[in-house]
Peer 1: 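Dumping the structure here so I can ask a few things about it.
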Amino acid sequence: MSGKPRLTYFNGRGRMEAIRWLLAAAGVEFEEIFLETKEQYEKIIKDGVLMFQQVPLVEMDGMKMVQTRAILSYIAGKYNLYGKDFKERALIDMYVEGISDLMQMILIFPFSPPEAKEKNLDSVKERATNRYFPVFEKVLKQHGQDFLVGNKFSWADVQLIETILAVEEKIPAVLSGFPQLQAFKIRMSNMPTIKKFLQPGSPRKPPPDEHYIETVLKIFKK
């Protein structure tokens with residue numbers, strides 16, 4: 001195994017995408033193993049690699065890490081994306097948790113039945129424009145800095161730009177009433193490591209398609 005982190009997940013976004021984003025933003029190259037069959041998944045469970053029998057799995061620094069939040073906080077701490085003190089870390093945690101609540105709606109959207117999709121999309125739009133994006137619009141305005149916490153790039157900024165772009169894929173005009181977030185999106189998208197990740201051919205995954213959904217459902221089917 002090379003010194004690169006090794007990520008085991010499906011060949012799609014899901015819960016691994018935030019990890020890909022954070023590693024890429026930190027300028028860290030990584031390798032990926034894609035689960036395509038139930039047998040593959042059952043083998044890594046049998047091998048005792050998955051602590052809670054769940055993916056994502058990230059192997060780095062001699063550890064086999066599971067649980068998305070634990071993996072993300074480790075990466076953020078290691079690559080100096082987790083604030084300068086406990087107060088900044090608490091702010092980053094609060095922002096990340098809030099963004100994650102919105103992102104969870106995006107993650108489960110492809111798996112909702114066809115008759116519920118329109119209703120679920122309305123819920124995403126309502127939550128984004130009334131509950132979550134106004135918070136970050138206000139933070140950026142009052143803070144008067146380029147980044148959400150301190151004046152330094154952090155995990156919270158990475159999570160927010162990932163979520164903004166994911167919501168925009170479904171609701172293109174969602175930022176129309178948020179000038180601070182529009183400017184934030186442009187700034188973040190032009191940061192060298194993020195700009196590279198947004199280019200074609202990067203490890204960033206496309207929106208979930210039928211093959212991805214079928215693979216996930218097949219592997220998790222009892």
Side-chain angles (χ1 to χ4, degrees), residues 3-7 13 15-30 51 56-104 106-107 127-128 131-168 175 178-199 202-204:
K4 294 177 183 176
R6 187 164 66 177
L7 283 49
R13 289 183 183 175
R15 297 190 182 282
M16 186 65 90
E17 192 70 354
I19 297 165
R20 296 183 188 109
W21 264 90
L22 195 58
L23 285 168
V28 179
E29 292 186 358
F30 51 86
M51 188 181 287
L57 167 67
V58 173
E59 298 172 80
M60 64 186 292
D61 298 341
M63 295 189 293
K64 291 177 168 49
M65 292 191 287
V66 295
Q67 295 297 329
T68 310
R69 175 66 203 238
I71 296 165
L72 287 165
S73 60
Y74 178 80
I75 294 166
K78 174 169 178 158
Y79 294 105
N80 200 21
L81 296 169
Y82 211 171
K84 71 178 190 302
D85 55 30
F86 286 121
K87 285 186 176 179
E88 287 197 355
R89 185 167 289 198
L91 266 182
I92 289 168
D93 283 341
M94 284 195 289
Y95 293 158
V96 163
E97 288 290 331
I99 302 163
S100 297
D101 289 344
L102 178 58
M103 198 61 187
Q104 177 64 16
I106 298 286
L107 288 178
R127 291 280 179 88
R131 182 181 296 188
Y132 295 107
F133 287 173
V135 170
F136 298 107
E137 181 76 7
K138 185 178 178 183
V139 167
L140 289 165
K141 189 169 185 179
Q142 290 182 343
H143 191 37
Q145 306 285 4
D146 288 349
F147 307 108
L148 288 170
V149 178
N151 190 26
K152 192 166 182 297
F153 185 48
S154 79
W155 172 19
D157 299 303
V158 180
Q159 196 112 339
L160 182 56
I161 182 62
E162 179 200 357
T163 304
I164 285 171
L165 295 178
V167 175
E168 277 190 329
L175 289 188
F178 301 102
Q180 297 287 337
L181 288 179
Q182 290 173 33
F184 173 85
K185 183 184 96 168
I186 293 166
R187 283 197 304 276
M188 291 302 110
S189 299
N190 282 311
M191 289 193 66
T193 54
I194 291 180
K195 190 171 186 176
K196 183 180 176 185
F197 190 61
L198 294 175
Q199 300 304 311
S202 86
R204 185 184 181 214

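Remember, predicted model here, so these are calculated numbers, not experimental data.
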Peer 1: With a 4.5 Å cut-off on side-chain heavy atoms, are R204 and E17 touching?
Peer 2: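 Yes, side chains in contact.
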
Peer 1: Nearest heavy-atom pair of L181 and E137: which atoms, and what distance?
Peer 2: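 Heavy-atom minimum between the residues: N-OE1, 3.0 Å.
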
Peer 1: Check the orientation of W155 and Y82. Use parallel for under 30°, tilted for 30 to 60°, and perpendicular for over 60°.
Peer 2: perpendicular

Peer 1: Compare all side-chain heavy atoms of I106 with those of R13 and state whether any distance is below 4.5 angstrom.
Peer 2: no

Peer 1: Quick one: pull up OG1 in T68 and CG in L22 and give me the separation to the nearest 0.5 Å.
Peer 2: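 The CG atom of L22 is 12.0 Å from OG1 of T68, to the nearest 0.5 Å.
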
Peer 1: Please find the pair of heavy atoms, one from A128 and one from P134, that lie closest to each other, and give the distance.
Peer 2: O-CD, 3.5 Å

Peer 1: If you measure from NZ on K141 to CZ on F178, what distance do you get to the nearest 0.5 Å?
Peer 2: 12.5 Å

Peer 1: Please check if the number of heavy atoms outside M63 that lie under 6.0 Å from its CE is greater than 12.
Peer 2: yes

Peer 1: Within this structure, what is the CD-CG distance for the pair E59 and L7, rounded to the nearest 0.5 Å?
Peer 2: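 Rounded to the nearest 0.5 Å, the CD-CG separation comes out at 9.0 Å.
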
Peer 1: M60 versus F30: any side-chain heavy-atom pair under 4.5 Å?
Peer 2: no

Peer 1: Looking only at the side chains, is there a donor atom on one of Q104 and R15 sitting less than 3.5 Å from an acceptor on the other?
Peer 2: yes

Peer 1: Where do I92 and A156 come nearest, in terms of heavy atoms and distance?
Peer 2: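 The pair with the smallest heavy-atom distance is CG2-N, 4.0 Å.
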
Peer 1: Under 4.0 Å between a side-chain nitrogen and a carboxylate oxygen: does that hold for R131 and D101?
Peer 2: no

Peer 1: What's the separation between atom OH in Y79 and atom CZ in F153, rounded to the nearest 0.5 Å?
Peer 2: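 Rounded to the nearest 0.5 Å, the OH-CZ separation comes out at 14.0 Å.
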
Peer 1: Applying the side chain to side chain contact (heavy atoms under 4.5 Å, CB included) test to V58, which of Q67, K64, M16 qualifies?
Peer 2: M16

Peer 1: Output yes when a side-chain donor or acceptor of S189 lies under 3.5 Å from a complementary backbone atom of K185, and no otherwise.
Peer 2: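 Checked: pair present.
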
Peer 1: Would you check if L198 and L165 make a side-chain contact, meaning some heavy-atom pair closer than 4.5 Å?
Peer 2: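 Contact flag for L198/L165 side chains = yes.
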
Peer 1: Compare all side-chain heavy atoms of Q180 with those of F136 and state whether any distance is below 4.5 angstrom.
Peer 2: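 No, side chains not in contact.
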
Peer 1: Looking only at non-hydrogen atoms, find the nearest pair between A24 and T193 and report the distance.
Peer 2: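 Closest heavy-atom pair between A24 and T193: O-CB, 3.3 Å.
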
Peer 1: Drop me the distance from L175's CG to Q182's CD, to the nearest 0.5 angstrom.
Peer 2: 6.0 Å

Peer 1: What are the two closest non-hydrogen atoms of I161 and I194, and how far apart are they?
Peer 2: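 Smallest heavy-atom distance, with atoms named: CG2-CD1, 4.3 Å.
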
Peer 1: Does T163 reach the side chain of Y132, with side-chain heavy atoms less than 4.5 Å apart?
Peer 2: no

Peer 1: With a 4.5 Å limit on heavy-atom distance, are the side chains of K152 and E88 in contact?
Peer 2: no

Peer 1: D157 and side chain to side chain contact (heavy atoms under 4.5 Å, CB included): which partner among L148, L81, D146?
Peer 2: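 Testing each of L148, L81, D146 against D157, the sole residue satisfying side chain to side chain contact (heavy atoms under 4.5 Å, CB included) is L148.
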
Peer 1: State, yes or no, whether a side-chain contact exists between K84 and V149 at a heavy-atom distance under 4.5 Å.
Peer 2: no

Peer 1: Taking all non-hydrogen atoms of both residues, which atom of R20 and which atom of P203 are closest, and how far apart?
Peer 2: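 Reported closest heavy-atom pair: CD-O, 3.8 Å.
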
